[in-house]
Amino acid sequence: TYLLNYDGHEVNWEEMLSLGETQRLAMARLFFHKPVFAILDECTSAVSAAAEERLYDLCAELNITCITISHRPALIAYHDYKLELDGRGSYSVLPTNRPARTGLVNTSSSLIRASSAAAAPTSADKIVRHIMAEEDAWKLKNSPLLSPLAVSAQGSSPWQQMRRLLSVMVPGWRDKDAMRLAALAAVVIGRVWLSDRVAHLNGRTVSLLLQDDLPGFKRLVAISLVQCVMSSVLAPTLHYLTNSLAASWRGRLSDHLYKMYFSNSAFYKIASLYKDVGQADQRITQDLDRMSTELANTFPDVIKPAADLLWFSYKAWDLLGWKNTGLLYLYMLAGLGLLRVITPDFAALIKLKQTLTGAYRFVHTRLRTHGESIAFFGGDKYEKELVHHQFQKLLSHESTIARVQACYGIADDFVVKQLPHIVTWVLSFVYTLRLSAKGDVYADQGSQLGHDLRFVASAVSHIFLAFGEVLHLNKRFAEISGYTSRVAELDHMLCLLSGSNQLYRDNPRVKDSNAVQFADADIVTPDGVCLVHSLNVTVPPQQSLLVTGPNTSGKSSMFRVLGELWPARSGNVSKPGGSVLDGKSHIKDIFLVPQRPYNPIGTLADQITYPVKADVGNADLLQSLDKLLAAVDLSHLLERQAGWSAVDNWADVLSLGEQQRLGMARLFFHRPRFAVLDQCTDAVSADFEEKLYDYAQSLGITIITISQRPALMGRHTQELRFLDGKGSWELVQLGADHGAK
């Protein structure tokens with residue numbers, strides 16, 4: 001029921017809930033729909049035995065017949081029959097001799113049950129409260145974990161953000177990208193010079209035609225052909241340099257971010273602890289690409305109008321005089337001021353668009369990740385509505401952007417493109433009046449007048465085009481700053497997390513020790529919820545520890561603190577190898593086998609050697625991997641997957657039991673001094689689980705196990721019980737009769 005505290009908030013439940021909470025919510029979904037039959041596929045592996053018993057009792061009350069897939073013999077008590085499969089085509093069906101409880105199937109990797117009992121159904125609200133029967137989590141508010149961005153306002157200005165990123169993209173004037181920028185500037189200035197030549201040729205054409213100078217006209221055509229060739233070379237060169245610059249900037253920024261993103265588990269901290277900077281994956285893959293491309297394309301658009309304004313303003317000054325040129329600039333400044341006033345906040349619009357795009361992509365990613373479960377539930381309509389809702393939000397915002405751009409475009413087009421035609425006529429008329437005042441316009445300078453009028457029109461046209469491009473830059477920089485701010489926020493957060501170790505600045509350092517020890521340590525969530533208060537426990541070598549307790553009591557959180565994913569708020573934490581902040585690998589000191597198996601992209605051999613890349617050409621390595629695969633009873637994978645070098649989507653082709661056994665093989669390969677097993681053998685049969693523990697003991701690995709299964713007490717010398725998720729705990733010595741075998 002404590003989840004009701006999130007009522008009205010949009011929450012990413014996959015990140016928020018533990019596996020046990022997720023499983024209990026799935027059972028609540030079952031009770032809400034109240035089917036006649038229910039297939040429970042290893043869906044209670046992360047809940048306590050008491051909660052599991054309560055679940056099956058509720059199934060009986062609701063008259064739900066259960067078919068359960070499991071490895072756990074303890075579940076026979078809730079079933080009428082046991083179907084046992086041997087994986088070779090044979091099976092057996094035996095009664096369980098339990099009075100009217102359920103029916104059960106046991107396979108070499110499955111256990112199934114069915115239950116039928118009649119009772120009056122209860123309401124959905126009552127069921128949900130019953131299944132989430134643990135009391136509301138007691139929040140001991142030490143204080144929520146303060147985000148580094150909350151204590152640093154550095155780089156809040158868009159120009160400061162841009163400057164910081166530019167220092168990464170162009171670290172020095174002698175850098176190769178600085179040379180590209182210089183070449184780009186030279187090409188742009190070359191194009192401005194050609195524009196001036198074309199303007200002169202336009203005026204010269206009129207003059208030669210008025211003079212009926214055919215030889216001069218032929219020379220003009222030849223010169224024009226040369227200029228056409230130069231223009232044909234400069235345009236593609238500009239495009240090539242721009243694309244090269246964008247690719248180089250993207251590479252530099254990606255390397256810069258990746259260096260910090262994969263340092264001190266910053267990728268985890270951003271996703272799970274400090275969510276000020278959401279959608280880090282989109283910021284690195286998409287926003288960074290768009291920003292690099294837009295900036296590279298904008299650079300020549302900055303140089304060209306500046307060069308045009310300087311050069312053609314000088315020419316206009318020479319022909320029109322400073323007063324008329326001043327009036328021209330007065331008009332441009334007035335237009336610039338008007339457009340600045342009415343310019344929308346394009347940066348905010350683009351930033352929100354990228355956020356909505358990320359959310360829309362996320363719902364599609366979930367469909368791919370959870371497709372099988374959704375198909376089993378028949379959730380097509382629900383998921384369609386969810387995708388449609390996110391798409392409509394994105395579409396609505398894009399329509400808003402289109403409307404805003406259209407309204408702004410009308411004013412921009414009128415001020416920058418249409419009205420300047422009239423201004424050009426007026427200035428041409430003013431120039432004619434200037435010449436007529438000298439009294440010799442029509443005597444012998446008719447051809448010169450035609451040349452000058454054509455050049456004035458071209459010069460004023462270039463000035464207005466440059467002015468329009470400058471105004472356009474205001475809008476363009478506003479749009480680019482939307483991408484820049486998202487990349488700069490990520491960069492700033494990563495600098496704080498991995499560079500200055502802001503996360504640990506006010507927290508006790510993890511100390512080096514021969515044992516795993518918590519001394520007066522509080523286990524506190526990033527939200528400030530104290531799950532365990534003043535924990536004191538020591539695990540010396542060869543003295544295994546079993547950690548038990550209800551869901552959300554702090555079992556997995558304890559090892560997040562041990563692994564320094566979460567900071568210790570008080571007390572001291574000691575472990576072999578000391579702190580991970582020293583940058584050294586501690587994989588030989590302490591190794592975690594997680595609750596949810598992780599299968600990296602790579603070969604079958606990589607599944608065991610991870611995070612070390614396997615050399616499939618090393619015969620000695622493959623021989624040792626063969627032994628490990630046999631130790632976890634997975635030798636058949638070599639034949640099924642066509643050898644160690646096979647690459648596949650391992651999360652799809654391997655069953656949960658196979659993934660968990662590969663996780664144990666990975667543990668045996670690295671052979672650490674201590675191993676934390678976080679409910680990582682729930683999909684493995686009880687007898688084979690015993691073999692895995694025996695093998696770990698033979699390698700000298702000290703085991704710390706998180707589990708809900710009382711049968712594992714026989715493998716440990718002490719038990720740490722988290723009682724209620726409110727800070728209480730107790731440490732029990734299991735004694736010689738329960739000691740490690």
Side-chain angles (χ1 to χ4, degrees), residues 19-20 23-24 26-27 29-31 33-119 131 372-373 376-377 597 632-634 636 654-661 664 679-694 707-715:
L19 180 59
Q23 290 185 346
R24 285 187 286 160
M27 293 298 291
R29 185 184 304 148
L30 166 68
F31 300 147
H33 291 290
K34 293 181 287 188
V36 178
F37 285 86
I39 299 176
L40 311 183
D41 187 359
E42 306 270 10
C43 66
T44 58
S45 58
V47 302
S48 64
E52 196 169 46
E53 181 178 2
R54 191 163 65 248
L55 297 177
Y56 279 99
D57 287 342
L58 276 171
C59 286
E61 291 179 20
L62 296 174
N63 200 25
I64 299 174
T65 299
C66 295
I67 303 173
T68 304
I69 302 173
S70 181
H71 282 96
R72 301 167 62 183
L75 294 179
I76 293 177
Y78 306 108
H79 299 79
D80 302 316
Y81 301 98
K82 179 176 75 169
L83 169 61
E84 186 166 350
L85 310 177
D86 63 2
R88 299 177 179 85
S90 301
Y91 68 91
S92 62
V93 181
L94 301 172
T96 62
N97 299 320
R98 297 288 178 175
R101 201 93 153 119
T102 29
L104 174 141
V105 178
N106 187 354
T107 75
S108 52
S109 38
S110 302
L111 202 69
I112 311 179
R113 308 164 187 175
S115 150
S116 91
I131 191 63
E372 181 178 287
S373 299
F376 271 124
F377 283 123
V632 296
D633 196 22
L634 289 178
H636 60 277
L654 300 176
S655 69
L656 179 60
E658 289 173 327
Q659 292 180 55
Q660 289 190 344
R661 283 183 282 167
M664 293 300 290
Q679 302 188 86
C680 64
T681 56
D682 293 331
V684 177
S685 62
D687 58 339
F688 196 76
E689 188 176 48
E690 291 283 329
K691 295 179 181 178
L692 294 177
Y693 273 85
D694 286 338
S707 181
Q708 304 276 4
R709 301 166 67 171
L712 291 175
M713 287 185 180
R715 309 297 313 192

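Since we're looking at a predicted model, the values are computed, not measured. Note: hydrogens, waters and symmetry copies are ignored here, and every other heavy atom, side chains too, is used.
- For the atom pair CG of Leu94 and NZ of Lys82, the computed distance is 6.0 Å after rounding to the nearest 0.5 Å.
- Residues satisfying the side-chain hydrogen bond (donor to acceptor under 3.5 Å, both in side chains) test with Gln659, not counting sequence neighbours, are none.
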### Task
Start with the C-alpha distance between Leu55 and Leu30, add both sets of side-chain angles, then the distance that settles side chain to side chain contact (heavy atoms under 4.5 Å, CB included), and finish with yes or no.
CA-CA 10 Å; Leu55 297 177; Leu30 166 68; over 6 Å; no
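- A pairwise comparison of heavy atoms in Arg661 and Asp633 identifies NH1-O, 3.2 Å as the closest pair.
- The CE atom of Met27 lies 9.0 Å from the CD atom of Glu52; values are rounded to the nearest 0.5 Å.
- Scanning for side chain to side chain contact (heavy atoms under 4.5 Å, CB included) contacts around Leu656 gives Pro597, Gln660, Ala683, with sequence neighbours left out.
- For the side-chain hydrogen bond (donor to acceptor under 3.5 Å, both in side chains) test, residues two or more places apart in sequence or in another chain that qualify with Thr681 are Glu689.
- Annotation for Ile64 and Phe37: closest pair CG2-C, 4.4 Å, computed over non-hydrogen atoms.
- Here the straight-line distance linking atom NE2 of His33 with atom CG of Leu62 works out to 13.0 Å at 0.5 Å rounding.
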### Pair Asp687-Glu690, side chain to side chain contact (heavy atoms under 4.5 Å, CB included): steps then yes or no
CA-CA 5 Å; Asp687 58 339; Glu690 291 283 329; 5.7 Å; no
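- The two residues Met664 and Cys680 have their closest heavy-atom pair at SD-SG, 3.9 Å.
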